[in-house]
Amino acid sequence: SQRASLGAEAESLTAESFLVEGRKEEAIRGYRDLARSRPTQPQAEIALFGAAQLELELGRRAEARRTFTDYLARYPRGRFRSEAQARLSRLDTVE
């Protein structure tokens with residue numbers, strides 16, 4: 001619905017504003033909340049991948065691995081599939 005789409009967009013913009021401000025913890029939370037609360041919206045896929053990227057940037061390898069794996073399970077044909085697979089592969093080889 002249009003309402004769900006607008007809500008997802010608002011949540012996405014909020015998380016992105018945290019990221020721009022350098023508030024990565026809050027951005028991760030916002031992205032995770034969006035992916036959980038609006039899983040059928042296109043923004044949810046972007047949010048889940050974004051959360052995984054930020055976890056990796058923060059050195060949280062285990063969390064990033066789980067989130068990339070979750071991303072691939074939810075979006076097996078997702079637009080970030082090959083990037084997620086590559087990052088998982090690197091995480092698995094560099095311990």
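Count residues from 1 along the sequence.
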>> Looking at every heavy atom in both Phe18 and Ala27, which two are closest together, and how far apart are they?
In response: CB-N, 3.7 Å
> Do Thr67 and Arg32 get their side chains close enough for a donor-acceptor pair, meaning under 3.5 Å?
Replying inline: yes
> Taking it one step at a time, do Gln53 and Arg87 satisfy side chain to side chain contact (heavy atoms under 4.5 Å, CB included)?
Replying inline: CA-CA 9 Å; Gln53 287 279 94; Arg87 283 176 177 77; 2.7 Å; yes
> Do the charged groups of Asp70 and Arg74 touch, with an N to O distance under 4.0 Å?
Replying inline: yes
>> Testing the basics here: between Arg65 and Leu91, what is the closest heavy-atom pair and its distance to 0.1 Å?
In response: NH2-O, 2.9 Å
> Would you call Phe49 and Glu83 a side-chain contact if the rule is heavy atoms closer than 4.5 Å?
Replying inline: yes
>> Within the structure provided, determine whether Phe80 and Leu48 are in side-chain contact (heavy-atom separation under 4.5 Å).
In response: no
>> How long is the straight-line distance from CG of Leu56 back to CZ of Arg90, given to the nearest 0.5 Å?
In response: 8.5 Å
> Can you tell if the side chain of Glu55 reaches within under 4.5 Å of the side chain of Leu58, non-hydrogen atoms only?
Replying inline: no
>> Would the distance check show the side chain of Arg29 and the main-chain N or O of Lys24 forming a donor-acceptor pair, the cut-off being under 3.5 Å?
In response: no
> Can you tell me if CZ on Arg23 sees more than 12 non-hydrogen neighbours from other groups inside 6.0 Å?
Replying inline: yes
>> With heavy-atom distances below 4.5 Å as the criterion, would you say the side chains of Arg36 and Tyr31 are in contact?
In response: no
>> With heavy-atom distances below 4.5 Å as the criterion, would you say the side chains of Glu26 and Glu21 are in contact?
In response: no
>> With a 4.5 Å cut-off on side-chain heavy atoms, are Ser12 and Ile46 touching?
In response: no
>> In the structure I gave you, are the side-chain heavy atoms of Phe68 and Gln85 within less than 4.5 Å of one another anywhere?
In response: no
> Can you find a pair of side-chain heavy atoms, one from Gln43 and one from Glu9, that are under 4.5 Å apart?
Replying inline: yes
>> Distance check, rounded to the nearest 0.5 Å: Leu34 atom CG versus Glu45 atom CD?
In response: 11.5 Å
> Which heavy atom in Arg60 sits nearest to a heavy atom in Ile28, and how many Å separate them?
Replying inline: NH1-CD1, 3.9 Å
